[in-house]
2 protein chains.
Amino acid sequence: MAKSTKTPTINDVARAAGVSKKTVSRVINRSALIKKDTREKIEAVIADLGYVPNPQARALALRRNFLLGLLHDNPNAQTVLNFQEGVLDAIKATEFALVVRPVDRHSPHMLEDIRHFLEQQRLYGVLILPPISENDDLAALCREMGCGYVRMGSAMLDDEEHVVASNDREVVENAVDYLVGSGHRRIGIIKGPDGFRSAFERAEGFMAAMKKHGLSIPPEAIGQGTYRFDSGLTAAGRLLDRPGRPTAIFCSNDEMAAGALHAARQRGIEVPGDLSIIGFDDSPIAAHIWPPMTTVGWPIREMGKAAALKLVAPADEAAQDSRFPARLVKRLSVAPPSSGRS
Amino acid sequence: MAKSTKTPTINDVARAAGVSKKTVSRVINRSALIKKDTREKIEAVIADLGYVPNPQARALALRRNFLLGLLHDNPNAQTVLNFQEGVLDAIKATEFALVVRPVDRHSPHMLEDIRHFLEQQRLYGVLILPPISENDDLAALCREMGCGYVRMGSAMLDDEEHVVASNDREVVENAVDYLVGSGHRRIGIIKGPDGFRSAFERAEGFMAAMKKHGLSIPPEAIGQGTYRFDSGLTAAGRLLDRPGRPTAIFCSNDEMAAGALHAARQRGIEVPGDLSIIGFDDSPIAAHIWPPMTTVGWPIREMGKAAALKLVAPADEAAQDSRFPARLVKRLSVAPPSSGRS
DNA sequence: TTGTAGGCGTTATCAC
DNA sequence: GTGATAACGCCTACAA
């Protein structure tokens, strides 16, 4: 319990243990070249003194630091937070810490801003959330700057080691199968915004499934939104105001699905009686509106953990996983089409 | 453009400018003791080389680092993210970075975990979100470890320099005034969980306002929940199943308000026709359910910014703000009580 | 298996 | 005003 006034350094430990700094350093870094006795003695001293290595000093000496960055420009707070939790699961027992950096994908300086951020903080690696994870220039920037990176996305955007991806396309096919199995034939879609890979993947899955079932998709059954609530309201309104309106709508995310639900309610269309709706994300809102919404959930926390492991422990078994299956979460917004209409 | 293979250091700048490291250091740190010519010459070289000071090295030399921590155990993802954005607003142009740390307030090791985190990362300061911001032991721990801290809360939990607070009590009074002004007399409340200062403040504001208006609060008009959706559903159900049910309910947060809305719908009670509801938080769900919910919004992003400034720029004018007024956001879930009932 | 010398990039001290 | 020199806490070489 010496030197309790200041946080102890490696020197204090060395002195107290009667060895050299380097020997202490070897213990810290789990070097094999240490006699068991020596190690145990030093570990005891470390515990006694409450010594914790200074990560800044280590960073300086090792010329690499222990900071992971999280880059996001997010439409969905819960997703970001779940991902953060997953990352923390992975680094909790390590000396790594997670630095967050919201970015504005609409800013013309986005790449410059990120470059400056990476230069300044000299991060060990960054985790990139959609939609900016889909930006190949950003990935190129990371490579150029020697900064590790892992992209989260709806498809394999990059090499295995740089991606954690869900199977949006496939799971949307399942969702359509489910609607068809419930008796629906006139199924509409509200697509996400152009330029989002997730929007593309989900729409492709939808189209493929409809084709598989021999169902046509008239243009008026296709809407498009921005992933925001209002856009879902508007787009669904258009689908529902047309004659021969769909008996079911797949919405490319939950916010738009909530908007579609409102659009139906405004028109006196019952959900799920007259209209079935499926969303995507399994965000909190899906469970908290009425009726509770059938949607697609993905294991975001696990993806966050795997992504972080790819960076900090690439040898770890869990770091090998790159594909994370989303799955349909069945709640109450889907029912067979009402007999009079289908 | 020399030495393009590696990131330039202060030595490269000094050499290129024909001065000593220390002089460059003075420029970086905006020392006044520098001739204008010298400064400008060095600044030009810095820009030319693209030199960025290494924060780890500075941290080592200065014996303090440039990391802010965000401690949260959050019931509300949007709040955390908004706060993060505010913090980033404050530190964007600085060398500070924000490290996030979700904590589990139910863990018996919470304080130990946080202590270890603070020891390991040696943070410049931490920002603490409710509900753990209300933990005085945690604040004491920060003081003990010499770690700056700012607590966000529903009331002045600490000295000015350590708090950004909203005026929950007062704004809930306003909410009740609004209900009374709309003609309501039988007003119920769903309180938040015991042990949450926010729950206490909001309930106090409610009681005070009711008293001010000379309205009684029968025990059966008082419910309590956990701030979760389900608890709101249950608690509201109990209030609504009693004879002489309230014509309006104030819910201590939006999730419970959404639950109350469901409870009403399940019973065929129209909102706002037969029942008015007010929530708290102005979370996304409040705007995205039907009817859009009247709620209390607080300037979380501004609070995040002010909190960060208290740590990194205590002299800044904006860092002086400690109180942040919440305000009633009027939407469609409040109407006069139906004529037959009030 | 352990220790010594030197360096990582920056700042503080104290001369000039 | 400016510049040597010695820290800051840790690690890599290399030597013993």
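What's counted below: heavy atoms across the whole structure, side chains too, no hydrogens, waters or symmetry copies.
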- Rounded to the Å, how far apart are A:Ile42 CD1 and C:dG3 C1'? 12 Å
- Between C:dT11 atom P and B:Gln56 atom CD, what is the distance in whole Å? 13 Å
- Message: Check this for me: does the side-chain of A:Lys22 come within 3.5 Å of the base of C:dT4 through a donor and an acceptor?
- Response: no
- Item | Any donor-acceptor N or O pair under 3.5 Å, side chains A:Ser107, A:Asp104 | no
- Note on the structure: Among C:dC8, C:dT2, C:dT11, the one nearest any side-chain atom of A:Leu33 is C:dT2
- In plain terms, say whether A:Glu85 and A:Arg301 are close enough for a salt bridge, that is, a side-chain N and a carboxylate O under 4.0 Å apart. yes
- Item | Under 3.5 Å: donor-acceptor pair, side chain of B:Ser166, backbone of B:Ala326 | no
- Query: Rounded to the Å, how far apart are B:Lys21 NZ and C:dG7 P?
  - Reply: 11 Å
- Message: Can a donor-acceptor pair be found, under 3.5 Å and without considering hydrogens, that links the side chain of A:Asn54 to the backbone of A:Ile10?
- Response: no
- Do NZ/NE/NH1/NH2 and the carboxylate oxygens of A:Arg58 and A:Glu95 come within less than 4.0 Å? yes
- Between C:dG9, C:dA12, C:dT2, which nucleotide has the shortest distance from any of its atoms to the side chain of A:Ile34? C:dT2
- Query: Between B:Ser20 and B:Leu60, who's closer to the 5' end of DNA chain D by nearest nucleotide?
  - Reply: B:Ser20
- Query: Under 4.0 Å: is that the gap between some side-chain N or O of B:Ser25 and OP1 or OP2 of C:dT11?
  - Reply: yes
- Item | Distance in angstrom units between B:Ile10 CD1 and C:dG7 P, rounded | 18 Å
- Separation of atom NZ in A:Lys41 from atom P in C:dT1, rounded to whole Å: 15 Å
- Query: So which one's nearest nucleotide on DNA chain D is more toward 5', B:Gly18 or B:Leu62?
  - Reply: B:Gly18
- Rounded to whole Å, CD of A:Glu119 lies from P of C:dG9 at a distance of 15 Å
- B:Asn11 side chain near C:dG9 phosphate (N/O to OP1/OP2, under 4.0 Å): no
- Between the base of C:dT1 and the side chain of A:Arg26, is there a donor-acceptor distance below 3.5 Å? no
- Kindly say whether B:Pro314 contributes a backbone atom to a donor-acceptor pair with the side chain of B:Gln320 at under 3.5 angstrom? yes
- Query: So, is A:Arg63 close to the C:dC8 phosphate, meaning a side-chain N or O under 4.0 Å from OP1 or OP2?
  - Reply: no
- Query: Salt bridge between A:Arg151 and A:Glu134, side-chain N to carboxylate O under 4.0 Å?
  - Reply: no
- Check every nucleotide of DNA chain D for an atom under 4.0 Å from a heavy-atom of chain A, then give the first and the last such nucleotide from 5' to 3'. D:dG9 to D:dT12
